[in-house]
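See below for the structure under consideration.
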Amino acid sequence: MAKEILYLKIANIIEEQISSETLKIGDKLPSIRALQKLHNVSLNTIKQSFLELESKSLIESRPKSGFYVSNTSNRKLSIPSMNKLKLLEDKTTSEDLITKVFYSLSDKNITRFSIGVPDQSLLPIAKLNKGLVKVMRNLEESGTGYESVQGSANLRRNLAKWSIVLEGKLTEDDFVTTSGAMNAIFNCLMAVTKRGDTIAIESPVYFGIIQVAQSLGLNIIELPTHPITGVDLEALKKVIYKVNVCCFMSNFSNPLGSLMPDESKMELVKMLTHHNIPLIEDDLYGNLFFGTTRPKPCKYYDEAGIVMWCGSVSKTLAPGYRVGWVAPGKFKDKIIKQKMAHTVCMPSLYQEVIADFLEHGRYDHHLRTFRSALYTNSLHFQRTIEDHFPENTKISQPQGGSFLWLELDKSIDTAVLYDKAIQQKIGFAPGRIFTQHDQYHNCMRLNFGLAWNEKVELNLKRLGQLVKNSL
C-alpha cells in the first residue's frame, strides 16, 4: 500500500479509537516504535500518522514523556470554511482599515490580539542585551564600518549551521541578509518580476504581501487555502499558465496557521520547476512548531534553485532588530545587486548579536521555551473561545505559529466590531485586511503570542460577548 495512504490509515484507526473513547482524554498513546512494530511499517510512517493527528489537535506531545490524547480532542467548534478561486471579482482596498489597526499600537492599554508581535515577557531580552554589550566590545570599529553587501559572514555561517532541517544543503555563501523577512520578499519579487506580471498567493494571506505586490504593479491571484493543509494545489494547476511567481507560507501560514504536508511541498516544487516559476517561500514561523520536529520547508525539495527561502528572527526573538535573510537559489546574484543599489549593506551590530545567540545554543533553548508557551496559549485561547463565543463560531487548528483565525456568523462585520472593541481597549485584526477581494467580512485573526494572564483572559471573554451582542 502506498506510503501516503498507509500513514493516513493508521491515523484514522487512532482517530476512531479517540472518537469511541477507547482512548480517552489524557491517555498516553503507544510509543512510535511500538506502533511501528505493531503495524510493521517504517518509523517515518508512524511519525507522519502522529503529525496528521496533531494537525487535528487530537493528540499532543509532552517533552520526554510521549504522546497523549489532547484536551482539545473533544473540541466543540468546526474549522473555518475554505474560500473559492476568484479571478474576475472586483478588487477592494483595506488600506484605511490596516492603518487603523496599526495606529492602535500607540495605546499601551490595548490588549493586542491584533498584531503578530510576541509579548516582551516571552523574549530573552536580558540575554540579548548581554550579547549586545559583548559584540560592542569585540566587533571591529564597534559596528560603525561597512560590511559585505551579502551580509555578515558570521551570521550567514551560523544560519547555515543552524538550518539543520535542510540537512546541510545550504552553506553560508547561499544566504543574503535583509532587513527582516518582508524586505527579503520585496527583494525576491524585484528580482523575478516586472510590472504587469502575475503572482499567486494564499487566501487569506498576510496583508503585507498584498501591499508589496500591488506596489510593484503585479496582478494577484488568491488561491483557496485549507485551514489545515494549506494552499489548494489543484486550484494552482488551473491558473498555472497565468502565473509568473508564487509566494507561499508553507509552514504555519499567517493568518490560518496551516501546514502543507510534505508530499504537497514536493508536488508544488516539482510543478513549479517544470514550469520554471520561482517560489518565494516565507518561512517566518517554521521554527514555531507544536509537534516533535520542525517541518521541512519547500526549499528542502528544491534541486533547480527556483525556491527563494526567506526568514527572520522578528517573530521569534527580536522584532525590532530587523534581522532577516534569504537563500535565493539561482537568483542570488540579482538579489545582491539589488541590495547594493538600494541599501549598500545592513547594520552589522544586530546581525552579530543574532549570530552570537545562534552560535552558543541560546536560540535553541529559547525556542523550546517559547514554543511551549505558545502551544499552551493556543489551548487557553481555544477553550476560552469555545466557552464564551457564539456556538456557530468556527476556529482554526494551528499546528504552530501564533495565530488563530475565527469565522463568525455571516451577519457580523468585523470591521464594525473592531471599532466597538477598540473602545473597550481590545484589538484584533479584521478579516477583510487579509484579501484584495470582498470577502472575510465575518472573520478575524487573533494573536496568541501574549503573556496569558487574567487581563488577557478577561478581554478575550469580553470580545466574545461583543460578538454575541452583535448577533
Side-chain angles (χ1 to χ4, degrees), residues 135 139-141 143-163 165-166 168-195 197 199 208-209 212-213 215-218 244-249 269 272-273 276-284 286 297-300 302-314 318 321-356 358-359:
V135 168
L139 189 61
E140 186 178 353
E141 299 177 350
T144 60
Y146 280 1
E147 64 170 22
S148 163
V149 176
Q150 193 168 345
S152 162
N154 190 23
L155 175 60
R156 290 186 285 111
R157 182 168 55 255
N158 277 284
L159 287 173
K161 287 164 54 180
W162 198 85
S163 300
V165 68
L166 291 169
K169 293 191 174 186
L170 296 180
T171 69
E172 65 183 85
D173 193 50
D174 292 312
F175 289 91
V176 180
T177 65
T178 61
S179 180
M182 279 308 301
N183 181 246
I185 292 170
F186 176 79
N187 271 285
C188 291
L189 286 173
M190 286 281 291
V192 299
T193 65
K194 63 183 182 302
R195 185 169 291 272
D197 280 352
I199 179 174
I209 303 296
V212 168
S215 73
L216 293 174
L218 303 179
N244 302 103
V245 62
C246 293
C247 183
F248 300 142
M249 187 175 279
V269 173
L272 296 183
T273 300
N276 196 28
I277 296 174
L279 169 62
I280 301 171
E281 182 175 22
D282 183 359
D283 201 21
L284 192 57
C298 292
K299 184 67 177 176
Y300 178 81
D302 178 29
E303 300 296 335
I306 64 155
V307 179
M308 310 171 80
W309 185 48
C310 303
S312 86
V313 294
S314 296
Y321 279 20
R322 309 310 302 143
V323 174
W325 54 84
V326 56
K330 66 180 183 180
F331 307 104
K332 186 182 77 171
D333 289 343
K334 286 186 177 181
I335 296 291
I336 292 175
K337 288 178 181 178
Q338 285 174 190
K339 185 179 175 184
M340 184 184 299
H342 295 159
T343 59
V344 181
C345 66
M346 299 297 299
S348 59
L349 186 60
Y350 289 128
Q351 292 184 74
E352 296 301 328
V353 175
I354 297 303
D356 182 69
L358 288 170
E359 186 170 6

Do T178 and F186 come within less than 4.5 Å of each other through their side chains, counting heavy atoms only? no
With the side chain counted from C-beta on, respond yes when L155 and L358 share a heavy-atom pair under 4.5 Å apart, and no when they do not. yes
When rounded to the nearest 0.5 angstrom, what is the spacing between CZ in R195 and CG in L218? 8.0 Å
Shortest non-hydrogen contact from D282 toward I185: OD2-CD1, 3.6 Å
Run the side-chain contact (heavy atoms from CB on, under 4.5 Å) test on M308 and V192 for me, step by step, so that the C-alpha distance in whole Å, both residues' side-chain angles and the decisive distance to 0.1 Å come before the verdict. CA-CA 10 Å; M308 310 171 80; V192 299; 4.0 Å; yes
Nearest non-hydrogen partners of L159 and S163, listed with the distance: O-OG, 2.6 Å
For the residue pair L284 and S312, establish whether any side-chain heavy-atom pair is separated by less than 4.5 Å. yes
With D356, which residues qualify under side chain to side chain contact (heavy atoms under 4.5 Å, CB included), at least two apart? K134, H360, R362
Take D302 and W309 through the test side-chain contact (heavy atoms from CB on, under 4.5 Å) and record every step on the way to the result. CA-CA 10 Å; D302 178 29; W309 185 48; over 6 Å; no
For L170 and A327, work out which heavy atoms get closest and say how close. CD1-CB, 3.8 Å
When rounded to the nearest 0.5 angstrom, what distance separates CG in N154 from CD1 in I354? 11.5 Å
Any donor-acceptor N or O pair under 3.5 Å, side chains Q150, T177: no
Side chain of D197, backbone of T193: donor and acceptor closer than 3.5 Å? no
Check whether E281 reaches the backbone of K299 with its side chain - one donor and one acceptor, N or O, closer than 3.5 Å. yes
Using a 4.5 Å cut-off on heavy atoms from C-beta on, say whether the side chain of N244 contacts that of I199. no
If we count only N and O atoms by modelled type, under 3.5 Å, do the side chains of E303 and T273 hold a donor and an acceptor together? no
Distance (rounded to the nearest 0.5 Å) between T343 OG1 and N183 CG: 6.5 Å
Applying side-chain hydrogen bond (donor to acceptor under 3.5 Å, both in side chains), name anything that partners E172, two or more places apart in sequence or on another chain. none
Kindly give the heavy-atom pair with the smallest separation between P328 and V326, and that separation in Å. CD-O, 3.2 Å
Who pairs with K339 by salt bridge (Lys or Arg N to Asp or Glu O under 4.0 Å), at least two apart in sequence or on another chain? none
So CG of N158 and CD of E352: to nearest 0.5 Å the spacing works out to 9.0 Å
Treating R156 as the side-chain partner and D174 as the backbone partner, does any N or O pair qualify as donor plus acceptor under 3.5 Å? no
Interatomic spacing from NZ in K161 to CD in E359 - rounded to 0.5 Å: 5.0 Å
Indicate the atoms forming the closest heavy-atom contact of T171 with A160, along with that distance. C-CB, 3.6 Å
Of all the heavy-atom pairs spanning C298 and V269, show the shortest one and how long it is. O-CG2, 3.6 Å
Going by salt bridge (Lys or Arg N to Asp or Glu O under 4.0 Å), name the residues that satisfy it together with K337, two or more places apart in sequence or in a different chain. none
Worked check of side-chain contact (heavy atoms from CB on, under 4.5 Å) between C310 and I280: CA-CA 7 Å; C310 303; I280 301 171; 4.0 Å; yes
Do H342 and M190 have side-chain heavy atoms sitting under 4.5 Å apart? yes
Looking at side-chain heavy atoms only, is the closest gap between I209 and M249 below 4.5 Å? no
Any side-chain heavy-atom pair from C246 and L272 closer than 4.5 angstrom? yes
Carefully, step by step, assess L349 and V135 under the rule side-chain contact (heavy atoms from CB on, under 4.5 Å). CA-CA 7 Å; L349 186 60; V135 168; 3.7 Å; yes
Should D173 and K332 be marked as a salt bridge (Lys or Arg N to Asp or Glu O under 4.0 Å) after you check the CA-CA gap, both sets of side-chain angles, and the distance that decides it? CA-CA 10 Å; D173 193 50; K332 186 182 77 171; 3.0 Å; yes
Among all residues two or more places apart in sequence or in another chain, which pass the side-chain hydrogen bond (donor to acceptor under 3.5 Å, both in side chains) test with W325? none
Among all residues two or more places apart in sequence or in another chain, which pass the side-chain hydrogen bond (donor to acceptor under 3.5 Å, both in side chains) test with D333? none
